[in-house]
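Working notes, beginning with the structure itself.
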Number of protein chains: 2
Amino acid sequence: MLRLSRKSDYALVALKALRALEPGDALSARELASRFGLPVDLTPKVLARLAQAGLVQATLGKSGGYRLARDADTITVAEVVRILDGDPALAPCREGILECHRIADCDLRNPLDNLQREMMNVLDRMTLANL
Amino acid sequence: MLRLSRKSDYALVALKALRALEPGDALSARELASRFGLPVDLTPKVLARLAQAGLVQATLGKSGGYRLARDADTITVAEVVRILDGDPALAPCREGILECHRIADCDLRNPLDNLQREMMNVLDRMTLANL
DNA sequence: GGAAAGGCGACCAATCTGGTCCGATATTAA
DNA sequence: TTAATATCGGACCAGATTGGTCGCCTTTCC
């Protein structure tokens with residue numbers, strides 16, 4: 001637990017680069033990848049997810065690329081993580097795959113859910129702007 | 001990220017059960033496993049790790065078992081996670097395996113390290129007693 | 001001595017995830 | 001209109017991680 005997936009990591013690197021752009025400029029996935037040593041084929045995928053989610057705006061065409069679609073201080077780490085890694089569940093039994101054999105006397109779930117909320121709050125408070 | 005490993009989950013379940021014990025009593029791994037539906041062969045391993053770390057006291061022999069070795073309010077979730085999942089690193093490049101190609105202009109690491117510390121603080125404040 | 005407990009190491013299996021390949025589509029420049 | 005460059009999306013492979021099992025040993029109590 002508590003390790004950023006590489007995709008999320010790449011996303012943060014890319015977003016941070018896009019943030020440093022002059023208004024009106026854009027960066028292609030290829031450019032981002034080569035500049036930061038990211039996997040060439042994976043970078044467009046990551047950016048695409050961010051574009052779907054509306055964090056980033058993609059412009060097609062010969063001199064296209066990506067730019068931020070929102071202000072940097074409205075983009076939180078929590079959101080990025082949620083987009084790329086899905087909504088995390090602290091307890092394994094909250095993922096649907098594993099059914100819990102001890103539901104009856106399971107007084108561990110609620111505290112864990114609270115704990116998770118608290119941790120997501122930490123991630124929510126951290127925006128791209130103050131990263 | 002942000003999902004408890006099953007081992008950590010099992011550990012918390014077991015610890016919580018041990019906490020409810022009368023002083024002097026002990027629970028065997030087998031008993032814990034059957035009572036909470038944990039994998040029979042995995043449970044002793046988890047408990048052994050906790051015993052090595054000094055969270056739990058194991059007594060050998062026919063009527064042996066496990067009991068808490070410390071007060072419940074001195075056992076934190078952070079400690080349990082650290083024992084079973086190792087010391088987590090939020091950024092992939094902080095794990096030693098992956099060398100970072102962008103160290104020079106990587107101003108992402110320090111903020112992530114801070115973020116990680118903050119999250120560990122949350123886990124540090126949560127003890128077995130108030131879980 | 002036998003039964004029941006923990007301790008330890010090796011090993012298998014399933015899952016997850018990073019990463020690649022390929023093709024389709026859209027847009028712009030020449 | 002054509003070529004180049006971009007996003008988009010699905011299928012797929014491979015390596016790492018992790019969950020889980022098996023077997024053997026030591027210790028303790030009856």
Side-chain angles (χ1 to χ4, degrees), chain A residues 1-11 13-14 18 25-34 37-67 69 81 84-86 88-89 92-93 95-98 101, chain B residues 1-11 13-14 18 25-34 37-67 69 81 83-86 88-89 91-93 95-98 101:
Chain A
M1 72 162 297
L2 206 65
R3 184 173 66 246
L4 235 49
S5 76
R6 299 223 177 145
K7 291 180 185 177
S8 293
D9 189 44
Y10 298 157
V13 169
L18 293 183
D25 280 4
L27 266 181
S28 72
R30 210 177 297 268
E31 175 70 14
L32 278 168
S34 78
L38 311 181
V40 176
D41 287 306
L42 190 53
T43 306
K45 288 193 178 306
V46 170
L47 273 298
R49 301 273 288 275
L50 295 178
Q52 284 178 341
L55 267 70
V56 141
Q57 188 186 8
T59 63
L60 292 179
K62 188 164 183 180
S63 55
Y66 293 97
R67 80 198 71 212
V81 168
L84 288 161
D85 298 347
C93 68
E95 299 230 297
I97 304 148
L98 178 71
H101 300 299
Chain B
M1 70 163 301
L2 207 63
R3 185 174 65 246
L4 235 49
S5 76
R6 297 217 181 150
K7 292 181 184 176
S8 294
D9 189 45
Y10 298 158
V13 171
L18 294 184
D25 280 4
L27 265 181
S28 71
R30 210 174 300 265
E31 176 69 15
L32 279 168
S34 79
L38 311 181
V40 177
D41 287 306
L42 190 54
T43 307
K45 290 197 175 305
V46 170
L47 273 296
R49 301 273 289 274
L50 296 178
Q52 284 177 341
L55 266 69
V56 141
Q57 189 186 6
T59 63
L60 293 180
K62 186 167 182 182
S63 57
Y66 295 96
R67 79 198 71 209
V81 168
I83 290 168
L84 289 162
D85 298 349
C93 69
E95 299 231 298
I97 304 147
L98 179 71
H101 300 300

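Proteins get letters first, then strands, A, B, ... in listed order; numbering begins at 1 in each. Since the structure is predicted, the reported quantities are computational estimates derived from the model, not experimental observations.
Listed by chain and residue number, R35(B) satisfy the side-chain hydrogen bond (donor to acceptor under 3.5 Å, both in side chains) test with E31(B) (two or more places apart in sequence, or in another chain). Listed by chain and residue number, nothing satisfies the side-chain hydrogen bond (donor to acceptor under 3.5 Å, both in side chains) test with S28(A) (two or more places apart in sequence, or in another chain). Residues that satisfy the side-chain contact (heavy atoms from CB on, under 4.5 Å) test with A29(A), not counting sequence neighbours, are T43(A), P44(A), Y66(A). Partners of D41(A) under the side-chain hydrogen bond (donor to acceptor under 3.5 Å, both in side chains) rule, at least two apart in sequence or in another chain, do not exist in this structure.
Annotation for S8(A) and V81(A): closest pair OG-CA, 4.0 Å, computed over non-hydrogen atoms.
Q57(A) places its CD atom 13 Å from the P atom of dT7(D), with the value rounded to the nearest Å. Atom CZ in R6(A) sits about 13 Å away from atom C1' in dA14(D), given to the nearest Å. Here the P atom of nucleotide dA5(C) and the CG atom of L32(B) are 12 Å apart, to the nearest Å. Atom P of nucleotide dC16(C) and atom CZ of R3(B) are separated by 7 Å, given to the nearest angstrom. Going from atom CG of D41(A) over to atom P of dG19(C) covers 11 Å, rounded to whole Å. Atom CG in L84(A) sits roughly 13 Å away from atom P in dG19(C) (whole-Å rounding). One can place CG of D25(A) at 15 Å from P of dA6(D), the figure rounded to the nearest angstrom. A straight line from CZ of R49(A) to P of dG18(C) spans 10 Å, rounded to a whole angstrom.
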Would you tabulate the side-chain donor-acceptor contacts of residues 56-63 of chain B under 3.5 Å, counting partners in other chains and residues two or more places apart, or write 'none'?
residue: T59(B); atom: OG1; partner: G65(B); partner atom: N; Å: 3.2
residue: T59(B); atom: OG1; partner: G65(B); partner atom: O; Å: 3.4

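One finds a side-chain N or O of Y10(A) lying less than 4.0 angstrom from the OP1 or OP2 phosphate oxygen of dG19(C).
Taking every side-chain heavy atom of S5(A) into account, dG18(C) is the closest of dG19(C), dG18(C), dG20(D). In the set dT28(D), dG18(C), dG20(D), the nucleotide with an atom closest to the side chain of L42(B) is dG20(D).
When each of L42(A), L47(A), L84(A) is tested with Y10(A) by the rule side-chain contact (heavy atoms from CB on, under 4.5 Å), just one qualifies, namely L42(A).
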Listed pairs, N/O of protein and of nucleotides 6-15 of chain C, under 3.5 Å:
residue: dG6(C); atom: OP1; partner: A29(B); partner atom: N; Å: 2.8
residue: dG7(C); atom: OP2; partner: Y66(B); partner atom: OH; Å: 2.7
residue: dC8(C); atom: OP2; partner: Q52(B); partner atom: NE2; Å: 3.3
residue: dG9(C); atom: N7; partner: K45(B); partner atom: NZ; Å: 3.4
residue: dG9(C); atom: O6; partner: K45(B); partner atom: NZ; Å: 2.4

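The residue among V40(B) and D85(B) whose nearest nucleotide of DNA chain D is located toward the 5' end is D85(B).
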